[in-house]
Each structure stands twice: as structure tokens, then as C-alpha cells.
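Written out below as C-alpha cells is the structure these notes cover.
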Protein chains: 2
Amino acid sequence: MVSIKDIAKKAGVSISTVSYALNGSPKVTTETCAKILAIAKELNYVPNAAARTLKTRETKIIGVYLTDFSGAFYGDLLQGVNEMLHRKGYDTIVCSGKRSHRMLPERMIDGAIVLDAMFDSDELLRYAELGHKVVVLDRELNHPNINQVLLDNKAGATLAMEHLLDRGFRKIYAIMGPEESYDAGQRLQAVKQAVERCDDLTFKAIEGSFRKESGEEAAKKILAEYTEPAAVFCMNDEMAIGVHNYVSQTDYVVGEHIHIIGFDNVELASYMQPKLATIDYSKHKWGALASEQLLKIIAGEPVENERIYVTLVEGDSVGINKEASAQR
Amino acid sequence: MVSIKDIAKKAGVSISTVSYALNGSPKVTTETCAKILAIAKELNYVPNAAARTLKTRETKIIGVYLTDFSGAFYGDLLQGVNEMLHRKGYDTIVCSGKRSHRMLPERMIDGAIVLDAMFDSDELLRYAELGHKVVVLDRELNHPNINQVLLDNKAGATLAMEHLLDRGFRKIYAIMGPEESYDAGQRLQAVKQAVERCDDLTFKAIEGSFRKESGEEAAKKILAEYTEPAAVFCMNDEMAIGVHNYVSQTDYVVGEHIHIIGFDNVELASYMQPKLATIDYSKHKWGALASEQLLKIIAGEPVENERIYVTLVEGDSVGINKEASAQR
DNA sequence: TTGTACGCGTTATCAC
DNA sequence: GTGATAACGCGTACAA
């Protein structure tokens, strides 16, 4: 491994001169500088990040923490993060799993963007307390070193429920997300509020895990007790796709007997037959905004918590309750 | 920032004793050890990665380099990498973009897995020459510090072409990938070989970029000159989906007038109507094998280049050429 | 303008 | 068993 020491030796100058030259300090002659740079190139010199970090205490790298690498969902988000950070002179790395948490306290990264329920809030607070900067996308956490950029889950869930009610459905299921998911919890709260505003409603919440299989299981239960057209609000698209798939295998018809709306507007949603109704938001913007906020708190600028807004995307997976309409 | 020095002071021992205790060396009394550990916990001690790396020259982190974060395609691959590496005591980080290349020569990672045509082969060879370990998934590169784990592209492309020929098509299009893509190049070669083995064939290769839009554009051209049922081999599924979408918007019917086969078997493929025929392979295994190979060369074990095998997945996007059958 | 010397936090090698 | 001390590679104040 070639260090500035080697360059200094070969150039017949001191290491500090080399360091100055490499960092473009004005304290060194243009010719010595040129000579040093030439030798550095010749020797294939690469500054050692570990050594530099030891001194400067910054790496110009931001870590994004995700539960896993699987979701088609994450692509746009990461693209948003990456674009913003690159523009500002930072690199992005994506991490998953408990073991990579150490990169934050060990200062291998200058800050973290967290969308990972497995990353404990207490742990995050500890790090924030130690001076590390964090933006969370999946929880509420108040600390000077932590900023929130959250989805407007309640608005989304309310939009979804009102869409189902508008279409005349009075028998409604909600397939929940995993308990540890903040987003799922918020959505469920809004659902319950919407339900309470209606009195002529049959409502049932079914457990779910945000995974396709749990959508299929839920669909099985729903069909087992089928008596009249029912609407299902799945708290993410993946489960909605599970329900959709399961129902399509039976004699029941999506958009006629079983009406489905999801959340996230993943790419697949618009390819389902019939097309899946869902709640949309800009994943790209979410990522970009989160990065922007993170850089601000790193720079010590004051920041407000931010929110990402959502819209309803209609689809034929939600039809009209003809029976209800007829009764009116 | 609390260091072992602080712990040593508080415990009234030397820093070396602290280091031993922290690393579970047997050279230290159980009680001193316990005492030191207690103080470390109390002080919220976190070992400094930069300092350790400076000394040990290893980070236990592997970097995966991708062109971008967008592909739904990458999920399984990364999952495969991550599982294997975690089992072996390593962390995974995912990087994209030229700027993050420096992590390899700067020793922030112990090795790299590369699936990114933007990562120059010359650059990789330079790094390998400097002693850094790399596994490439998208090129052939011979160097003691570089291993290859490649898809069997030629077999896949041959399978696809033979499927189209078996179904009686004699008018065949191939939509190519970007020029810089090794995989696309290999597939094209196999296609040309298959074409040469047949003499009663009308064949045409159309430019493509692996993106959905280029599939749509190609479809436009193909339909503009439509005279008889034609088959299209798209060199990845994304373009196949583009073709599929475009054709579906017209009066032509996929699987009747235009027959489509893709490559990759992305999740969406099986949801297309009609279902997309494609070439399948285990992305998960690809990632796992690549990581395994990388750890081997890091450990200095001898390794052979590996290959990932592929299979044909039939789908109704490829029908039967009735006209051809009738003629026989 | 250039050189010297020290600090950063850890590990390793010796003495004791 | 424990402690002092020298690396590791870079940045930088201070001296020359």
C-alpha cells in the first residue's frame, strides 16, 4: 500500500508538502505541486479513507437502512436519495440487517436514513444522543439530531375508505400490516375513524404481514364467509395482489363480488386484471426530501419535520355496489 | 467520543488491558474483564471503525455495485448476497455511481461484487492489480484477484430462439440490449448462431436499451411492417413488457399476431395478459454464489469461474404459427 | 515555502 | 496478567 510517505520519499520532499499539494493548498509551488501529483499518479496513490476519517471525522457517505433488499418498492425511493446526495457531493450506501447498524456510531457514515422497523427506536435515540444524525421515514421520534419525513398515511387510508364508501359498500374488510409497522398502525387508526363515522357498516380487520401470502390467506377467510359483495382495503399493494390472485382463482370476480384497494401504487398494480385501485405517492420525492433534510441537520441548519402527500388512483378492482345502489 | 483511553483511565488500568478485555483475550482476569466491560457499557463505548481498519486492514464489509437502484430485478440477487455474507460474518452494502468506486481502493470494503457496465474494466483491473478482490457478474476478466460468475446467456438465448422456431415462426425479430452490456452481447451472438442454422428465416435485429420504452418503440416499427405472424425475442423482460403493452393497445393480439419471449423472468412477467414467455434463472443463487466466490478469493483459496444455468418458462405470449403448420 | 511533530483510536509486540 | 510503546496513514499547527 502506497502512502503519502512513499510519495514524499520519491519526490524528495516532506510528507506535509505532499499533503498540501494533494489537497490543493496554496502554500506550495506550482512546480513542486505538479511534480508531486505526477509521482502520486505514477505510484497509483490512493488516499486511505480510514486514516482520513480518523482525523477529519467525516466520510461524505450517507447510509440508507432498509428491512431487506427485496421490495420493488424501494427502487424509486433509493433513486431519489441517490440523485439528491450525489448532487451535494455525498455517496449513498444501502444497508440491511442489524449488523450494519454499527456503521453509524463507528462513523463510517455521516448520517442515516431509516426505513426499517427492525432498527430499534431506542438504539436510534442512543446514537442521536451521541451526536449522530438521522432521518426516519417510519416512526415519530423527537430529538434535535433526528428529523422525520413521513407519509401522510392517515390521509391515504381515509381516501381509500371513502372511495369504498362512495361506491356503496357497507361490508368492508381491512387487511392490516405487521404490528411493528408504524405506517400500518397509522393507516389502521384512520380506517377505524372512518368506520366510526358510519353506523350502517359491517367492518372487520384481518391480520396481515405486508406480504403477498398473507393477502392470500385473508382472501380465503373472506370468501369463506361470503354473503354479499364486500370491499377490502389492503394496507399495502403486495397484500392486495395476494387477495387479487386468490380471488381470481375462484369463481368470484374481482370488481364484482370482491372489491380491492391497496396502498403504495407499485408498478404491478396497474398490470393487474382488473387494474388495482390504490393510494399513490412519489417515492422518488420521498427519498429526495429525506436526503435533503439529513444534509440540513448535518450542516446544523434548523429543520421542520416533513410530510409526503398521497392521492387516490382508481382502478376496476373497485366496482360499484349495485345492490346498495338499487336499494336507494 | 469515548475511546478505550477513557475506559482505561476510569478503570485504572492501561489501554492494552482494555483492548484485551474488549476482545475477549484469555490473558486477562475474569474480574478485571468484567469491570472493564461494565465501564465500557456505562460510558456507551463504541469501537471506532476507522481506527480499527487502520490497523487490521479489513472491514468485514463487502460492496455490491449496481448500475442503479431501480430494477425490481436486483431484489432477489441482493437477498442472495446478503444471506450468504451474513452467515459468514460479513456485512453487505450496495453502491451505485462512479463516486462510490473509491471505497474499494480506499479499503472501506474488503471486496466488490460488480454488476454495473459503468464500472470500467480497466479500472477494475487496476484495483485487482493493487491487490483488491472482485467478483464480476457482467464481463469476462482474467486476473488472479478477479473471479467471474456469469449467466449462461448463450444457452438462454438459444432456448428462446429454439422455442420460437419450434412453434413454427419463420419471421423473427430480436430486440437487442445496450451496446455496453455484456449479457446483451452474448445473447445476440447466440441468436445469430441460431439464425444461421436456419435458412428459411426472415430475421431482423432492432436496437434496444433494456428499458420499457425501447420495447414500445421497437413494437411500433414491427407493427408498421406487419404482414404475417411474427415472433419477437426481447433480450430482457422489461423490453418484452414494453412490446406487450404497445401491441395490446392496438388491434393486434399478443400470442396470435405478435409472439413475445423475454429474458429474466421478473415478477411482472407472469402477471402479463397473456402471460409472458421468458428465460428463468435463480437470481438468489447468483448472488449467493458470487459472494461465496468472493470470500474464497479473499481467503486466498483457489477458485474456478462459475456459471448460472437457465431454463425456459413457457407462456401464452408465444402461441403457434397456424399458417406455417397448415402449410406442412 | 518546507519540514517536524503530534493526534486520531486501535492493535500488536514486547518487557515486566 | 499487565503495562508501555510502536506502528497504521493522514491532516495540520507550528517552527524553521
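Numbers restart at 1 for each chain; the letters A, B, ... are given by sequence-line order, proteins then strands.
- A straight line from NZ of A/Lys27 to C1' of C/dT4 spans 13 Å, rounded to a whole angstrom.
- Out of C/dT10, C/dC8, D/dG11, the shortest distance to the side chain of A/Leu54 is found at C/dC8.
- The phosphate of D/dC8 has neither OP1 nor OP2 within less than 4.0 Å of any side-chain N or O from B/Arg57.
- Note on A/Thr17: a side-chain N or O is less than 4.0 Å away from OP1 or OP2 of C/dG3.
- For the pair B/Asn44 CG and C/dG9 P, the computed distance is 16 Å after rounding to whole Å.
- Side-chain N/O atoms of B/Ser100 and A/Asp91 include no donor and acceptor closer than 3.5 Å.
- Between B/Val13 and A/Asn23, the residue anchored closer to the 5' end of DNA chain D is B/Val13, taking for each the nucleotide with the nearest heavy atom.
- Here D/dG11 presents its C1' atom at 10 Å from OH of A/Tyr45, a figure rounded to the nearest Å.
- When rounded to the nearest whole Å, the span between CZ of B/Arg52 and P of D/dG9 equals 17 Å.
- Taking atom CZ on B/Arg102 and atom P on D/dG9, their separation rounds to 19 Å, with Å as the unit.
- For B/Asn48, taking side-chain heavy atoms from C-beta onward, the closest of the listed nucleotides C/dT10, C/dT11, D/dG11 is C/dT10.
- At a cut-off of 3.5 Å, with distance as the only test, no side-chain donor of A/Asp264 or A/Asn236 sits close to an acceptor on the other residue.
- Within 6.0 Å of CD on B/Glu304 lie no more than 12 heavy atoms contributed by other residues, nucleotides or ligands.
- Ring planes of B/Phe119 and B/Tyr65: perpendicular class, angle over 60° (limits at 30 and 60°).
- What separates NZ of A/Lys55 from P of C/dC8 is a distance of 7 Å, to the nearest Å.
- Contact annotation for A/Thr32: backbone-only contact, meaning every heavy-atom pair under 4.0 Å involves sugar-phosphate atoms and none involves a base.
- Listed nucleotides C/dT10, D/dT2, D/dG9 differ in distance to A/Ser3; the shortest reach to its side chain belongs to D/dG9.
- Remark: P of C/dT10 and CZ of A/Arg107 are 13 Å apart, rounded to the nearest angstrom.
- In the set C/dT11, C/dT4, C/dG3, C/dG3 carries the atom at the smallest distance from any side-chain atom of A/Tyr20.
- By the 6.0 Å contact criterion, CD on B/Glu179 is open, its count of non-hydrogen atoms from other residues, nucleotides or ligands being 12 or less.
- The side chain of A/Thr29 contributes an N or O atom lying less than 4.0 Å from OP1 or OP2 of C/dT2.
- Counting to the nearest Å, the C1' atom of C/dC8 and the CD1 atom of B/Ile4 are 12 Å from each other.
- You'll find a donor-acceptor pair under 3.5 Å spanning the side chain of B/Ser16 and the base of D/dA4, going by distance alone.
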